[in-house]
Amino acid sequence: MSLFCVSLTPSLLPRDVVAQGVLSGVVFSAGYGIGTAGHWVWTFMELRDFSGRLARVLTWTPVVALALTSLYTLNRMTTWQNSIRMRMEMAPIDSAYPLTVLCVACATALGIILLIRLLLLVATKAVDAIDRYLPRRIAIVLGGSTFVILLMSFVNGVIIKSTLHAMDESFAAINWILDSNEVPPQDPRASGSSASLISWADIGRNGKRFVTDGPAKEEIEAVIGREAMQPIRVYAGFDTGDTLEERAQIALAEMVRVGGFDRSTLIIATSTGTGWLDPSAVDTVEFLHAGDIATVTLQYSYLPSWLTLIVEPEVSQLAANALFRAIFGHWTTLPHDQRPKLYLHGLSLGALGSEFSADLTSILTDPIHGALWSGPPFLSKLWNVVTRGRNPGSPQWRPVFHDSSAVRFMTQDGFADLGGAEWGPLRIVYLQHASDPMSFFSTDLAYVRPDWLGPDRGRDVSPYFRWFPVVSFFQTAFDIPMATSVPLGYGHNFSPGAYIQAWIEVTRPKNWSASDTENLKAHFIDFNPRPM
């Protein structure tokens, strides 16, 4: 019951009644399991049970205390949840929220406990069968071990694989859904056009949106007030080639065909798990460079990033590396004074892959110019190295690294005060939110309080969020699938205004002023990109 009470406290993101109820039910079941296991060990060790008045006191005192604590936490839930929603500019929850959560939690806990009891009954029958031939305690060990192995094999081999296979087929079908208003582009320079090396049928839903939804030359000119070019976008879909390397080579050939290497700026972008590139990131940088820019990417999956991160996190790294080697290999053959400036970009799982794409040898022999990585997942190696190596006194959610000449961190509120630090030749910016569970989840949350939950925390993190062993791990894990359910500028959703500021720092657009920045931010103030 104590774990149930703690599970009602806030975490990084606001939770709807179903998510909160399921979380509380799971945590209650975990606490019930711990208590039951402890009682079983006590009995197995043949320790003396308490009796009489002492037993009643030891039983009813915690029961009453936990009942009162439950009433208190249920009553405080509204305040706790609204403390997050207020910071994220969301409507407050209604008064029925606590009661609905309690109902969902009870149903979830009851289902889990009944299932566990059923499994234990089967395990007991197995032990009794072995007990006929072996000593009781040996039978318990062998029967329990055999049952656990068979259960894990069943769960992993049947339930998990069947579920993943069904999800894989579902997302594959969604990937090929074509919105009725999307038709092949007429511009021969666009991927999927009649002149393209990439078939329109092979691009998939997010690829079609990427090549058709970007700003036109005329729109860019109207906003920035000067002549512009039509941005180039190259997208190699999941079926463009049989392997990542083949897709990368086709993307390179398409880039050469459409003149992508003749632009002043070139971005190698790594998509999310579904093949989605955030329009808030891609559209804004095209305005900044007056359309004199080319962006190239390829699709490596069609599962959501959080699910791909669990199932096959390495695929984004392999895809990013294949595309980088193909594009970078051609880029290095071009004269230095005639080739575009080269940048990397990735959001979420794309950031994880993009980090991995450029090896140290490549950067040292012929350096790229920079990178913008947003919402880096907690598995991102370089992000973790830099975050752990931050200067003393800088917070984990917005670190300051060394002299800030190569790597800087930015939130929705901008950069930390860097005291006039100057950029070096390589400019890397991490755009992240303190409320993003995709970045700040970690397995050691189960037993270690994170630095980002200290007194100096991001403004979008509830002041009521407290670390509790085990429970905070479950809370933040449950936040991950809902990381994009909050408004732009919070969680795992990044606003165009933040991207504009980050891209200015990374790419240093020519003939760009502070008033141009404000005009562009105003243009994107009501921007609402289509979801992935």
Side-chain angles (χ1 to χ4, degrees), residues 229 231-234 248 251-252 255-256 259-271 277-278 281-297 320-347 350-374 376 380 382-383 386 401-410 415 418 421-431 498-512 516-517:
M229 304 174 69
I232 290 176
R233 296 184 175 191
V234 170
L252 170 61
M255 280 285 289
V256 173
F261 291 96
D262 297 329
R263 297 300 174 95
S264 65
T265 302
L266 169 58
I267 297 177
I268 302 176
T270 306
S271 68
L277 286 173
D278 190 350
V282 183
D283 291 14
T284 51
V285 73
E286 291 175 341
F287 278 89
L288 288 170
H289 292 275
D292 187 14
I293 184 172
T295 304
V296 57
T297 190
N321 185 253
L323 183 61
F324 177 82
R325 284 188 285 108
I327 301 299
F328 180 78
H330 181 80
W331 181 77
T332 56
T333 65
L334 304 175
H336 283 225
D337 60 345
Q338 298 179 25
R339 68 188 186 184
K341 291 183 177 181
L342 180 59
Y343 301 94
L344 305 179
H345 171 61
L347 161 67
L352 172 68
S354 185
E355 266 193 358
F356 180 82
S357 63
D359 60 81
L360 184 61
T361 304
S362 300
I363 293 178
L364 290 177
T365 55
D366 200 351
I368 63 173
H369 294 83
L372 171 55
W373 293 315
S374 48
S380 302
L382 179 60
W383 176 80
V386 175
F401 183 71
H402 294 179
D403 62 355
S404 301
S405 63
V407 181
R408 297 181 185 179
F409 289 80
M410 177 183 169
F415 296 91
L418 303 177
E422 295 291 334
W423 278 110
L426 177 66
R427 299 182 293 277
I428 297 175
V429 168
Y430 281 104
L431 175 58
Y499 272 119
I500 290 169
Q501 198 62 47
W503 279 125
I504 289 173
E505 288 294 320
V506 173
T507 64
R508 299 293 184 176
K510 296 178 180 178
N511 304 318
W512 194 262
D516 291 329
T517 299

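This is a predicted model, so every value here is computed, not measured. All residue numbers in this chain count up from 1 along the given sequence.
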J.: Less than 4.5 Å apart, side chain to side chain, heavy atoms only: is that true for Ile267 and Leu344?
T.: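 Ile267 does not reach Leu344 side chain to side chain.
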J.: Taking atom types as modelled, find out whether His289 and Thr507 have a side-chain donor-acceptor pair closer than 3.5 angstrom.
T.: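 Distance-only check passes for His289 and Thr507.
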J.: Would you say Trp383 and Leu352 make side-chain contact, with heavy atoms under 4.5 Å?
T.: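 Result no, sub-4.5 Å side-chain heavy-atom pair not found.
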J.: State, yes or no, whether a side-chain contact exists between Phe261 and Leu252 at a heavy-atom distance under 4.5 Å.
T.: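 Yes, at least one pair of side-chain atoms sits under 4.5 Å.
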J.: Quick one: closest heavy-atom pair of Leu323 and Ala269, and the distance?
T.: CD2-O, 4.0 Å
J.: Hey, is Arg408 close enough to Glu505 for a salt bridge, meaning N to O under 4.0 Å?
T.: yes
J.: Which pair of heavy atoms, one from Leu382 and one from Glu355, lies closest together, and at what distance?
T.: N-OE1, 3.2 Å
J.: Please walk me through it: do His336 and Asp366 pass side chain to side chain contact (heavy atoms under 4.5 Å, CB included)?
T.: CA-CA 10 Å; His336 283 225; Asp366 200 351; 3.8 Å; yes
J.: Decide yes or no for Leu347 and Ser374: does some side-chain heavy atom of the first lie under 4.5 Å from some side-chain heavy atom of the second?
T.: yes
J.: Which pair of non-hydrogen atoms, one from Thr270 and one from Ala320, has the smallest distance, and what is that distance?
T.: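 Shortest heavy-atom separation between Thr270 and Ala320 comes out as OG1-CB, 3.5 Å.
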J.: Let me confirm one number: the CD1-CG distance from Ile500 to Asp516, rounded to the nearest 0.5 Å.
T.: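 Output value for this atom pair is 11.0 Å.
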J.: Between Ile293 and Val285, does a side chain to side chain contact (heavy atoms under 4.5 Å, CB included) hold up when you go through it step by step?
T.: CA-CA 8 Å; Ile293 184 172; Val285 73; 3.8 Å; yes
J.: For the pair Trp373 and Tyr430, name the ring-plane relationship: parallel under 30°, tilted 30 to 60°, perpendicular over 60°.
T.: tilted
J.: Compare all side-chain heavy atoms of Trp331 with those of Pro340 and state whether any distance is below 4.5 angstrom.
T.: yes
J.: Is the closest side-chain donor-acceptor distance between Ser405 and Trp423 under 3.5 Å?
T.: no
J.: Tell me, do Val429 and Phe415 make a side-chain contact under 4.5 Å, heavy atoms counted?
T.: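 Counting from C-beta outward, Val429 and Phe415 do come under 4.5 Å.
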J.: Answer yes when Arg233 and Asp283 have at least one side-chain N-carboxylate O distance shorter than 4.0 Å, and no when they do not.
T.: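 Salt bridge between Arg233 and Asp283, a charged N being under 4.0 Å from a carboxylate O: yes.
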J.: Can you tell me how far apart CG (Leu288) and OG1 (Thr517) are? Round to the nearest 0.5 Å.
T.: 7.0 Å
J.: Considering all heavy atoms of both residues, which atom of Thr332 and which atom of Arg339 are nearest to each other, and what is their separation?
T.: CA-NH1, 3.6 Å
J.: How far apart are the closest heavy atoms of Tyr499 and Asp278, and which atoms are they?
T.: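 Closest pair (atom of Tyr499, atom of Asp278, distance): CE1-OD2, 3.5 Å.
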J.: Decide yes or no for Ile232 and Thr295: does some side-chain heavy atom of the first lie under 4.5 Å from some side-chain heavy atom of the second?
T.: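 They are not in contact (no side-chain heavy atoms under 4.5 Å apart), so the answer is no.
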J.: Would you mind telling me which of Ile368, Val296, Thr297 makes a side chain to side chain contact (heavy atoms under 4.5 Å, CB included) with Ile268?
T.: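 When side chain to side chain contact (heavy atoms under 4.5 Å, CB included) is applied between Ile268 and each of Ile368, Val296, Thr297, only Val296 qualifies.
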J.: Could you go step by step and tell me if Tyr343 and Thr265 meet the side chain to side chain contact (heavy atoms under 4.5 Å, CB included) rule?
T.: CA-CA 8 Å; Tyr343 301 94; Thr265 302; 3.8 Å; yes
J.: What's the separation between atom CE in Met229 and atom CG in Asp262, rounded to the nearest 0.5 Å?
T.: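 Taking CE in Met229 and CG in Asp262, the distance rounds to 8.5 Å.
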J.: On a heavy-atom basis, which atom in Ser271 and which in Leu277 lie closest, and how many Å separate them?
T.: CA-CD2, 3.7 Å
J.: Determine whether the aromatic ring centres of Trp503 and His345 lie less than 6.0 Å apart.
T.: yes
J.: Would a distance-only check, ignoring hydrogens and angles, find a side-chain to backbone donor-acceptor pair under 3.5 Å from Asp292 to Arg263?
T.: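 No, because the side chain of Asp292 does not come within donor-acceptor range (under 3.5 Å) of the backbone of Arg263.
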J.: Among side-chain atoms of Asn321 and Ser357, is any donor-acceptor pair under 3.5 angstrom?
T.: no
